[in-house]
Amino acid sequence: LITRSREEHRAGRPRDPLHPGGAAGMTMQFVVGATPDSDSDILSRVSGIYAGGGMIRAGGHEQLRALAELLELPVVTTLMGRGVFPDDHPQHLGMPGMHGHWTAITALQRSDLLIALGSRFDDRVTGDLSTFAPGARVIHVDIDPAEIGKNREPDVPIVGDAGVVVSQMTEAVKRLQADGAEAAALDEWWRQLDAWRADHPLRWDQQPDGPLKPQTVIQAIGRKLDGGGIVVSGVGQHQMWASQLIRYRTPRTWINSGGLGTMGFCVPAAIGAKVGRPEVPVVAIDGDGSFQMTLQELATARTENVPVIFCVINNGVLGMVRQWQDLFYTSRYSGTDKTLHKKDFIRAVEADGFGFARRVSTLDQPLDQPLHLAGLGRQRVQLGERDDHPAASLWLVGSARAGARGGDEPEQDLAHQRRALGAEAFDDAVGVAGERAGDAAQLDVAVVREQPAGPVARVPQPGGGELE
């Protein structure tokens, strides 16, 4: 680990201790006094921790928590860093940036010192760099020297493994405290942060008798998951709602393509996540535009029997692009309404052999059963995110195991699946789509059994023979 002054940083890239030409065997040491007065900065200033995906890559979630709790600092986590610090921790303010939480954004803007850990000051967080956290000194830790100073010039640049550096920072602070250094009084700062949190929660207008909003459904999915499982998203509005409204407590439980904006990412990534972590429930939340780009991979999930739950927010438009057209192009729409609401996703997934089907019209109906079907579920929930798209829907489709056997009754099929998967795995596996908001309306459950093969067509071929 090499800690350098700003002038040394500007002079060139650091020598890598692991590189043959580097300083092999050098002692790893965190130098607090890299710039004048920085040894007291971390204690004397009103600080905040800005943690990104690099902390997850470094496996540094425990080290981050230790430092934050030692100094009682507020923490914000980026889109790629969700889960590296528990959402239900009282010091967590949420996600910063244009799609983030009001308090998290404002806390960064008002901080005297930002401790940036494995984050890159990208434009979705900072907006106009010249106005981002204008009064803050910056300690920037990243393993990639190219990220240091690329967007925001740090006062203390540190190139190194973020987990190692944070551990060393914690030990350095403890030594300072042992020598009599006093931390900044943060009581007033926390009173202000708590007031902002109370005044500026995430909001949306869900009418009790109106169509379901996508935020309502995604929040309900999160409540059913209750911090467990892995959530995978595509790209668009659903991605931001899933990052905001579902509470993540541990790293690597939220998977998305981040700044790449890769529509179509969700379906194959969710299948891969389930194959890589078969013991963990995997819920894929996708938009109708993103879902269509890799819809064909549902055949992979079905063929390989990978039990992933796919939740598709279907509002008939490319929602994120249309949102920007509303905000920045005076609602001049181009290429966003692809009449996607006309696509029948139910028929599409049935064509791939998804055998268990269930339609739920409101969240007043009990939705616990899909939680136990390990990817057997398919649900349709009416939404109404836009007045001009009243038929917007959320579809929940899963990798179907029921029906593969073609039992005489739905109950026999499900009983067979429970035996095949094992009772505990079957009962505890994923499949969430909403919350039970009241006592029971009628539940419409059906298992689509395999149909007999239809007639075979034989087509004569030019070179002779027939093609079935």
Side-chain angles (χ1 to χ4, degrees), residues 79 99 202 204-207 210-225 229-246 254-257 261-270 282-295 297-298 308-326 336-346 348-349 354 358-363 367 370 377-398 430-435:
L79 181 67
H99 299 293
L202 294 172
W204 63 93
D205 182 20
Q206 176 63 69
Q207 296 297 323
L212 289 175
K213 294 294 180 73
Q215 297 97 318
T216 301
V217 178
I218 290 173
Q219 184 183 64
I221 292 170
R223 288 176 176 172
K224 283 293 184 182
L225 281 173
I230 294 172
V231 176
V232 185
S233 86
V235 173
Q237 289 174 318
H238 68 277
Q239 176 189 19
M240 299 307 154
W241 290 322
S243 67
Q244 295 169 345
L245 298 170
I246 295 177
W254 161 246
I255 299 174
N256 77 115
S257 64
T262 314
M263 293 179 69
F265 174 86
C266 183
V267 174
V282 175
V283 176
I285 299 177
D286 213 347
D288 51 328
S290 185
F291 186 61
Q292 284 200 120
M293 293 191 173
T294 47
L295 176 66
E297 292 302 331
L298 291 179
V308 177
I309 293 296
F310 297 93
C311 312
V312 182
I313 306 294
N314 179 6
N315 63 354
V317 296
L318 302 181
M320 180 67 77
V321 183
R322 185 178 174 114
Q323 176 180 320
W324 280 58
Q325 290 171 343
D326 281 330
T336 50
D337 187 347
K338 299 292 188 180
T339 63
L340 298 177
H341 54 282
K342 292 183 177 179
K343 184 173 182 68
D344 190 335
F345 289 117
I346 285 285
V349 297
F354 284 66
R358 180 182 177 194
R359 294 173 184 249
V360 180
S361 59
T362 73
L363 287 186
L367 298 172
R378 176 173 65 244
Q379 305 183 27
R380 180 176 185 271
V381 181
Q382 288 296 318
L383 305 179
E385 206 271 326
R386 301 187 59 87
D387 292 339
D388 53 344
H389 292 279
S393 302
L394 175 139
W395 301 93
L396 178 62
V397 298
V430 72
V432 229
E435 66 183 334

Which pair of non-hydrogen atoms, one from [X] and one from [Y], has the smallest distance, and what is that distance?
| X | Y | result |
| --- | --- | --- |
| Thr294 | Pro268 | OG1-CD, 3.6 Å |
| Cys266 | Gly234 | CB-N, 3.4 Å |
| Ala242 | Ile285 | CB-CD1, 4.2 Å |
| Ser290 | His238 | CB-CE1, 4.4 Å |
| Val232 | Phe265 | CG1-CE2, 4.3 Å |

How far does [atom1] of [X] sit from [atom2] of [Y], to the nearest 0.5 angstrom?
| X | Y | atom1 | atom2 | result |
| --- | --- | --- | --- | --- |
| Ser243 | Ile218 | OG | CD1 | 9.0 Å |
| Thr336 | Arg322 | OG1 | CZ | 5.5 Å |
| Gln237 | Ile313 | CD | CD1 | 10.0 Å |
| Asp286 | Ser233 | CG | OG | 7.5 Å |
| Ile309 | Ile221 | CD1 | CD1 | 10.0 Å |

Evaluate the side-chain proximity of [Y] to [X]: yes if any heavy-atom separation is below 4.5 Å, no if none is.
| X | Y | value |
| --- | --- | --- |
| Asp288 | Gln292 | no |
| Met320 | Met240 | yes |
| Val217 | Trp241 | no |
| Gln239 | Leu79 | yes |
| Val283 | Ile246 | no |
| Phe310 | Val267 | yes |
| Gln215 | Leu202 | no |

Worked verdict on Thr216 versus Trp204 for side-chain hydrogen bond (donor to acceptor under 3.5 Å, both in side chains): CA-CA 8 Å; Thr216 301; Trp204 63 93; 2.8 Å; yes
Side-chain donor or acceptor of Ser257 paired with backbone N/O of Thr262 under 3.5 Å: yes
Lys213 backbone acceptor or donor facing Gln206 side chain under 3.5 Å: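 Checked: pair present.
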